[in-house]
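Written out below as structure tokens is the structure these notes cover.
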Amino acid sequence: MTKIRVAVNGAAGNMGREVLRGVNEDRDLELVAAVDLKGDGSDAGIQAGIGAIGISLERDLIPALTRTRPDVVIDFTSPHTIMDSIEKIMSAKARPVLGTTGITEADLDTIISWSKKYGVPAVIAPNFAIGAVLMMLFVAQAARYLPEAEIIELHHENKIDSPSGTAIKTAEMILKSRGTVNRQPMAELEKVKGARGGRIEDIHIHSVRLPGLVARHEVIFGSIGQTLTIRHDSSTRASFIPGIILAVREVMKLEGVVYGLENLLNLT
Ligand code: NAD
């Protein structure tokens, strides 16, 4: 069987190094390039803690894509530059598997238009941990009966965007599936600005950034005399790898853009 040729963008980062390890271990995948703004020509495997693999960490995406012609580029870089990277990847006819967060609805429309223009599919997932995807589905079910909820998301101290893409998507799923909220809105007195968190419509989202954390999402539903808490923890970044590898295999068979790992899982 022909192996899927994979490049990793953001290969020197926390996720990128984990992805390098995952791709390197998978028999159906062949790592062909490792790119990062911090690229210094050193062996990417040494950086990832798996020993030399003969692929150097390079700085510029376009020459790497032109030279190695990957089938798929896995991108875990930065919300600030992601759209620029995606256009480079798609115009090089490689399929993006995108984990970088901060993609807005307008960005998604642009990615869909690039997918049509360049004729390449893409997978975008704010959370590649299969447990987190299940959490969102359970939350959507619960919201049908318990429409009032708040979301708390907790991440490591270096996460720059808030709230997390998963928290945003979870709020959107609650809004889409929930029943009627009967509680009357009342005037609140917020003594410390932001104490009630951010809001998507009336759903409050609270973001915590602390060392020692990887990623946690917690949704608390409240109703008369009861609460229900649904929570998912990623305790190591390895939790994202099976979902990413699944997306790499699936993007080879897709047409168009798939947003959300749940759309690649046979859940019904
Ligand atoms: P990180 O800061 O550890 O790593 C990012 C790496 O990307 C750095 O090495 C940086 O030099 C590099 N980089 C930045 N801009 C670049 C560019 N334009 N071109 C090439 N390289 C570039 O961050 P991280 O913890 O690895 O997270 C990266 C992204 O992935 C964030 O947006 C984070 O929220 C997201 N993330 C998503 C999931 C998911 O399941 N979808 C899981 C974890 C993290």
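Each ligand, and each atom within it, is numbered from 1 in the order the structure gives. No hydrogens, no waters, no symmetry mates; every other heavy atom, side chains included, goes into these values.
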Sequence neighbours left out, what passes salt bridge (Lys or Arg N to Asp or Glu O under 4.0 Å) with K253? Give chain and number order.
-> E250
Identify, with sequence neighbours excluded, every residue that meets salt bridge (Lys or Arg N to Asp or Glu O under 4.0 Å) alongside E190.
-> none
So does E255 pair up with K116, basic N to acidic O under 4.0 Å?
-> no
Pair R209 + E153, salt bridge at N-O below 4.0 Å | yes
Sorted by first residue and then second, give each ring-ring contact (aromatic ring centres under 6.0 Å, His included) pair with at least one member in residues 3-61; sequence neighbours left out.
-> none
Measure from every N or O atom of ligand 1 to the protein's N or O atoms and keep only the pairs below 3.5 Å, writing each with atom names and distance to 0.1 Å.
residue: ligand 1; atom: 3 (O); partner: N14; partner atom: N; Å: 2.9
residue: ligand 1; atom: 3 (O); partner: N14; partner atom: ND2; Å: 3.0
residue: ligand 1; atom: 9 (O); partner: G13; partner atom: N; Å: 3.2
residue: ligand 1; atom: 9 (O); partner: D36; partner atom: OD1; Å: 3.2
residue: ligand 1; atom: 9 (O); partner: D36; partner atom: OD2; Å: 2.7
residue: ligand 1; atom: 9 (O); partner: K38; partner atom: NZ; Å: 3.4
residue: ligand 1; atom: 11 (O); partner: D36; partner atom: OD1; Å: 2.6
residue: ligand 1; atom: 18 (N); partner: T81; partner atom: OG1; Å: 3.0
residue: ligand 1; atom: 21 (N); partner: L37; partner atom: N; Å: 3.2
residue: ligand 1; atom: 26 (O); partner: N14; partner atom: N; Å: 3.4
residue: ligand 1; atom: 26 (O); partner: M15; partner atom: N; Å: 2.8
residue: ligand 1; atom: 32 (O); partner: T101; partner atom: N; Å: 3.1
residue: ligand 1; atom: 32 (O); partner: T101; partner atom: OG1; Å: 3.1
residue: ligand 1; atom: 34 (O); partner: T101; partner atom: OG1; Å: 2.7
residue: ligand 1; atom: 34 (O); partner: K159; partner atom: NZ; Å: 3.0
residue: ligand 1; atom: 40 (O); partner: F128; partner atom: N; Å: 2.8
residue: ligand 1; atom: 41 (N); partner: G99; partner atom: O; Å: 3.0
residue: ligand 1; atom: 41 (N); partner: A125; partner atom: O; Å: 2.9
residue: ligand 1; atom: 41 (N); partner: P126; partner atom: O; Å: 3.1

Separation between CZ (F240) and CD1 (I245), nearest 0.5 Å, reads 14.0 Å
